[in-house]
Protein chains: 2
Amino acid sequence: MASSNAPKRPATILDIAAEAKVSKSTVSLVLQGSDLIRDETAARVLEAAQKLGYVYNRGAAELRGKSSKTIGVVINDLMNPFFAEVLVGLERRLVDTGYTVFMAHTSENLERQDRVLQTMREHGAAGIALCPVLGSPASLPQTIRAWGIPLVVMVRPLGGGTYDFAGSDDTEGVKLATRHLVGAGHRRIAFLGGRPGPIFDRRVQGYRDGLREAALAFDKRLVFASNPTRKDAYERLGDILAVEPRVTAAVCYNDVVAFGALAALGERGLRAGSDFAVMGFDNVLDSAHSNPPLSTIDVRPSELGEHAAQVLLARIEDPSGPSRHYLAEPCLVQRVSG
Amino acid sequence: MASSNAPKRPATILDIAAEAKVSKSTVSLVLQGSDLIRDETAARVLEAAQKLGYVYNRGAAELRGKSSKTIGVVINDLMNPFFAEVLVGLERRLVDTGYTVFMAHTSENLERQDRVLQTMREHGAAGIALCPVLGSPASLPQTIRAWGIPLVVMVRPLGGGTYDFAGSDDTEGVKLATRHLVGAGHRRIAFLGGRPGPIFDRRVQGYRDGLREAALAFDKRLVFASNPTRKDAYERLGDILAVEPRVTAAVCYNDVVAFGALAALGERGLRAGSDFAVMGFDNVLDSAHSNPPLSTIDVRPSELGEHAAQVLLARIEDPSGPSRHYLAEPCLVQRVSG
DNA sequence: CTGAAAGCGCTTACAG
DNA sequence: CTGAAAGCGCTTACAG
């Protein structure tokens, strides 16, 4: 952080060249760490740069070099800790490889998503990692590919077309959760939370699969959609308890929904686990210390982010290769809620 | 999102100029929305741009224009929903005014913070919003000012020196929480969680103030530090219960810590609120639907983010004005935990 | 191993 | 109201 002293006119490579008595190409080369320059010369250049308080101008470098070391990531719901964990994993992996990440939050708003994507394009992003908002057009990956920008779609698949993707096996995961509840003796199990869309459909499918496996009938009155927020899930579980008193367990759309369910249960003096079972999905960090600790499906969110970064980096390396996918294999982690 | 068709060589203003039969200066002007250009001409230019699938190159514009419309924000702990909410508020306000935000996460790591700050500098950020990591040097604001980059420090004050700041009144907030507990009849109240540092010290001060107000003795064995995570707070409350059985209430460093406390209580079959009181701090969205709902000190996190943006924007407008501060006035919100 | 030259895509005085 | 020209700070062939 040591800045000698704020120069009036910021120093450029030309100033360094003058100071070090070399040409500016030489300066540029040593700044890039090229080994074309003799060590002694390089040392002199670096010293001059230091002395002048030189700051590398990445903008100029990118303009000329055509390269760009920035990656845009767009997140649809940062309020959900799952996405925050994905983001942290992604970012860690990316900055370790010298990229700088450029984040934007869409709040599940399609128009906003279009805007931020456009901005990233104008900034010449080297790649984009996207958690698409609900209702994104299936053609979005092709559109971005047409822009010539490498893309990885995260978490929420977009119908049709091929594109790089990092997410989890939703159907299998929820099947695991359902099977677990059935194994514990539950017979009337609700599916709670989430809004219809690609993830929701896959997870409900897992729920149906789990039920069928045990020869239990699927009753669509037992799937209760809601916004995937604590508040809405909390209210929805209240409905279930009132309307379907024979339900003894719920597999939840995700951990946030499950947390809402825990709150609704607690309010009624019900103990999650013994009085009513609830299963989450994601295994967000918080789920290990909720009240009570949440039984859930682990998809290792921050690892998922790292894999997404990996996939994107691979695509940047090889723009035309076949599409790559990372699907986290879900694992059941049993704690006390179910 | 309608891109006509991917051009081989991306179109530049020069191509547009040729297509529209004007000079490139004219194109530049209409792209900037200048009213120096006749409407008819402007329309022709825009049409040509559209036709050629033109994409504005912000990098080039910033290099030449010296302006930069990007703001860097560095967050120390995204895993804490408080910061996520602050970030969302900040980002919303910023993109509404045409800035693009550039996020980096430091994981409370000083070295990483230095790195990302440096990167933002090299990218020519128009401003920086910083939640400093614990242990940041007090001189950091001056350093960044010497770089010529407008700065707003968020949440965690840095000792000494003047700089723009957006945060909350920590001492007053915790005093409110403590007073509330005292009013409810508690006499042995612990302070739980957090690591020594500027925020911690201020909050413990509020705890002492609240105690003194009621003529209760401050007992330093009743302040239990911990990492501000659910897990550590959970474990720490276990310690308290074992070592100080006469403690009947805890004012927590923040909501995350309080959530950990709720988990520890629940595990022991204790009901937060009636068996043991816990007060949070922040009023994170989740606190309204925890189990049980958390009584806490509201500092309106996302509003805090918006105000931070405001302060930064004002500083960008007026680089040399006196320093600005936003201190959220804390309000007690009583739910069930205390 | 190093230098001279061209140019990335834009903006901004300066003329007219 | 529009055009010709210079230049932002860098990188990259091309020579030597």
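Here is the naming used below: chain letters follow the sequence lines, and residue numbers restart at 1 for every chain.
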### Query
Between D:dC1 atom C1' and B:Arg44 atom CZ, what is the distance in whole Å?
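Rounding to the nearest Å, CZ of B:Arg44 and C1' of D:dC1 are 12 Å apart.
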### Message
Can you measure B:Ile37 atom CD1 to D:dT2 atom P for me and round it to whole angstrom units?
### Response
5 Å
### Message
My understanding is that a pair needs two contacts under 3.5 Å, Watson-Crick or G-U wobble. By that rule, which nucleotide pairs with D:dA13?
### Response
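D:dA13 is paired with nothing.
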### Task
Could you please name the partner base of D:dA4, counting Watson-Crick and G-U wobble pairs only when both distances are under 3.5 Å?
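D:dA4 is unpaired by these criteria.
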### Message
Is the ring pair A:Phe165/A:His325 parallel, tilted or perpendicular, if the boundaries are 30 and 60 degrees?
### Response
tilted
### Query
Mind checking whether B:Tyr326 and B:His307 have parallel, tilted or perpendicular rings, split at 30° and 60°?
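The arrangement is parallel - the two ring planes meet at less than 30°.
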### Query
So, B:Glu108 side chain and B:Leu134 main chain: donor-acceptor pair closer than 3.5 Å or not?
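Answer holds: yes.
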### Query
Is it true that a side-chain atom of B:Asn109 and a backbone atom of B:Thr106 form a donor plus acceptor pair closer than 3.5 Å?
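Not confirmed, B:Asn109 side chain does not pair with B:Thr106 backbone.
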### Task
Go through the steps for B:Arg315 and B:Val152 under the test side chain to side chain contact (heavy atoms under 4.5 Å, CB included), then give the verdict.
CA-CA 8 Å; B:Arg315 173 60 59 205; B:Val152 60; over 6 Å; no
### Message
Can you confirm whether more than 12 heavy atoms, excluding those of B:Asp96, are under 6.0 Å from its CG atom?
### Response
yes
### Query
Would one find a side-chain N or O of B:Thr26 under 4.0 angstrom from OP1 or OP2 of D:dT2?
no
### Task
Tell me what B:Thr41 touches on the nucleic acid: a base, only sugar-phosphate, or nothing, going by heavy atoms under 4.0 Å.
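Sugar-phosphate only.
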### Message
Output one letter per nucleotide in nucleotides 7-16 of chain C: B when a protein non-hydrogen atom lies under 4.0 Å from the base, S when only the sugar-phosphate is that close, - when neither is.
### Response
BBBBBB----
